[in-house]
Amino acid sequence: MPVTLVPSLPTITAPAPTPAPSGPLDVLGVPGEINLDYAATAPCARAAADAVAELLPWYASVHRGAGALSRRCTLAYERARQTVGDFFGARADDEVIFTRNTTDALNLLARSLPAGTTVVTFAGEHHANLLPWPRGSVRLPVPADPDGAVRALAAALTELRRASNPALPVLVAVTGASNVTGEQWPVAELARVAHRHGARIALDAAQLAPHVPVDLLALDVDYVAVSGHKLYAPFGAGVLIGRADWLDAAPPYLAGGGATSHVGPATHDVTWATGPARHEGGTPNLFGAVALAAVCTALTEADRAALAAREQALLARLRAGIAALPHVVELRTFGPDAPRVGIVSFVVAGQDSAEVAARLAAEHRIGVRDGLFCAHPLARRLLAEAAGRSGRRDLPPTALRASIGLGSTAAQVDRLLAALAALG
């Protein structure tokens with residue numbers, strides 16, 4: 001169906017970005033389809049597809065065979081572990097455990113908490129960083145700005161240490177970038193507060209890692225969880241990286257082959273492995289690990305500052321265009337100038353978000369996300385805030401989200417803005 005562009009499209013004052021990267025960081029796609037839903041699932045990078053295609057003829061068991069195919073696959077898997085760990089700045093004594101995705105990684109961490117651990121989160125988290133934690137966890141209100149997050153955490157940890165046994169462990173679990181607004185959280189500052197109060201900190205980097213470097217050592221976080229499918233490696237792998245002591249003391253996340261060092265004749269005569277194998281029972285996801293490692297290598301070799309600058313130019317173009325549309329209201333937690341990655345959520349006044357998303361797909365071949373983005377408490381709060389800020393009473397109860405990354409172009413952004421203008 002042809003796309004109708006309207007002459008009333010607002011003038012875009014943001015600078016045009018530089019051309020998209022080529023080579024290993026090319027992304028696969030379907031000609032004519034405009035994918036602006038990277039925050040849900042990023043497209044596959046050429047590096048990931050090529051790495052999997054190269055290994056496919058050799059596909060065999062990992063850790064379980066003496067043949068040439070099995071030995072090559074085992075080597076590829078363990079090299080992938082090293083590559084991914086290096087990419088995220090893993091320390092010498094950290095464990096790098098392959099999981100299915102960020103949700104799986106955070107659930108693994110939740111299963112590994114020592115008895116009596118209190119987990120402190122903010123209400124602005126994705127469900128993956130709200131739902132796995134044990135009863136008695138502390139959920140702090142969404143702050144008005146990054147400094148408010150640091151102050152709130154400091155106050156909460158001070159009170160927690162005063163009110164409970166100071167010997168009991170505490171884990172702070174925070175996002176690096178919101179999956180609703182793209183706003184970046186002050187991770188390093190939150191880590192300093194956590195450690196000052198004797199707590200550990202886990203970083204949900206699902207949305208941050210595809211856009212900016214994430215380094216455990218530089219940020220001084222204890223754990224980081226990441227999804228491959230957000231990081232241009234859509235083969236079903238994620239990773240949990242962090243301190244080994246809690247992980248090695250916990251029961252295996254998946255009891256089964258590969259997680260044991262000894263199984264005796266009695267029912268419970270089992271000695272569990274230590275290290276990553278303890279929580280990687282069963283046949284591992286070789287291609288997911290290899291694909292994720294290939295993207296990590298490609299990003300390491302790329303000019304990430306240039307990639308970030310290009311994305312920020314696209315993001316500014318998108319936000320400026322949305323701000324110029326009187327019937328479209330952007331959602332935000334912090335101020336309009338807060339640092340953010342390439343994610344923008346918004347509502348079209350007087351129109352159901354699901355219907356708008358369907359029209360964008362059917363009439364303009366543009367894919368965006370609609371709903372509450374698996375962050376219901378935050379999204380509902382921001383929708384109420386947007387209604388108050390705009391003074392409009394006709395905002396829908398759910399939102400739309402456009403997200404960009406490698407492969408996104410100014411032409412795609414302009415097509416979305418033109419389509420939104422036509423809805424007014």
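Everything numeric here is computed off the predicted structure, so don't read it as measured data.
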Which of these, Asn129, Leu130, Leu131, sits in a side-chain contact (heavy atoms from CB on, under 4.5 Å) with Trp133?
-> Asn129
Around atom CZ of Arg79, are there more than 12 heavy atoms of other residues, nucleotides or ligands at under 6.0 Å?
-> no
Would you check if there is a donor-acceptor pair between the side chains of His195 and Asp220 at a distance under 3.5 Å?
-> yes
Which atoms form the tightest heavy-atom contact between Gly182 and Ala177, and what is the distance?
-> O-CB, 4.1 Å
Enumerate donor-acceptor pairs with a distance under 3.5 Å from any side-chain N or O in residues 227-237 to protein atoms, sequence neighbours excluded.
from	atom 1	to	atom 2	distance (Å)
Ser227	OG	Thr102	N	2.7
Ser227	OG	Thr102	OG1	2.7
His229	ND1	Ala40	O	3.3
His229	ND1	Thr41	OG1	3.4
Lys230	NZ	Ala39	O	2.7
Lys230	NZ	Ala40	O	2.9
Tyr232	OH	Leu406	N	2.9

Go through the steps for Phe346 and Val356 under the test side-chain contact (heavy atoms from CB on, under 4.5 Å), then give the verdict.
-> CA-CA 11 Å; Phe346 56 92; Val356 171; 5.8 Å; no
Check: Tyr253/Asp104 side-chain N/O donor and acceptor closer than 3.5 Å = yes
Rounded distance [0.5 Å steps], OG1 in Thr274 versus CD in Glu95 = 7.5 Å
Using a strict cut-off of less than 4.0 Å between a Lys/Arg side-chain nitrogen and an Asp/Glu carboxylate oxygen, indicate whether Arg319 and Glu330 qualify as a salt bridge.
-> yes
Between Arg278 and Asp248, is any pair of side-chain heavy atoms under 4.5 Å apart?
-> yes
Determine yes or no for a side-chain-to-main-chain donor-acceptor pair under 3.5 angstrom, with Arg415 supplying the side chain and Ile366 the backbone.
-> no
Do Arg389 and Glu385 meet the salt-bridge criterion of a basic N to acidic O distance under 4.0 Å?
-> yes
Between the main-chain N or O of Arg340 and the side-chain N or O of Gln312, is there a donor-acceptor pair closer than 3.5 Å?
-> yes
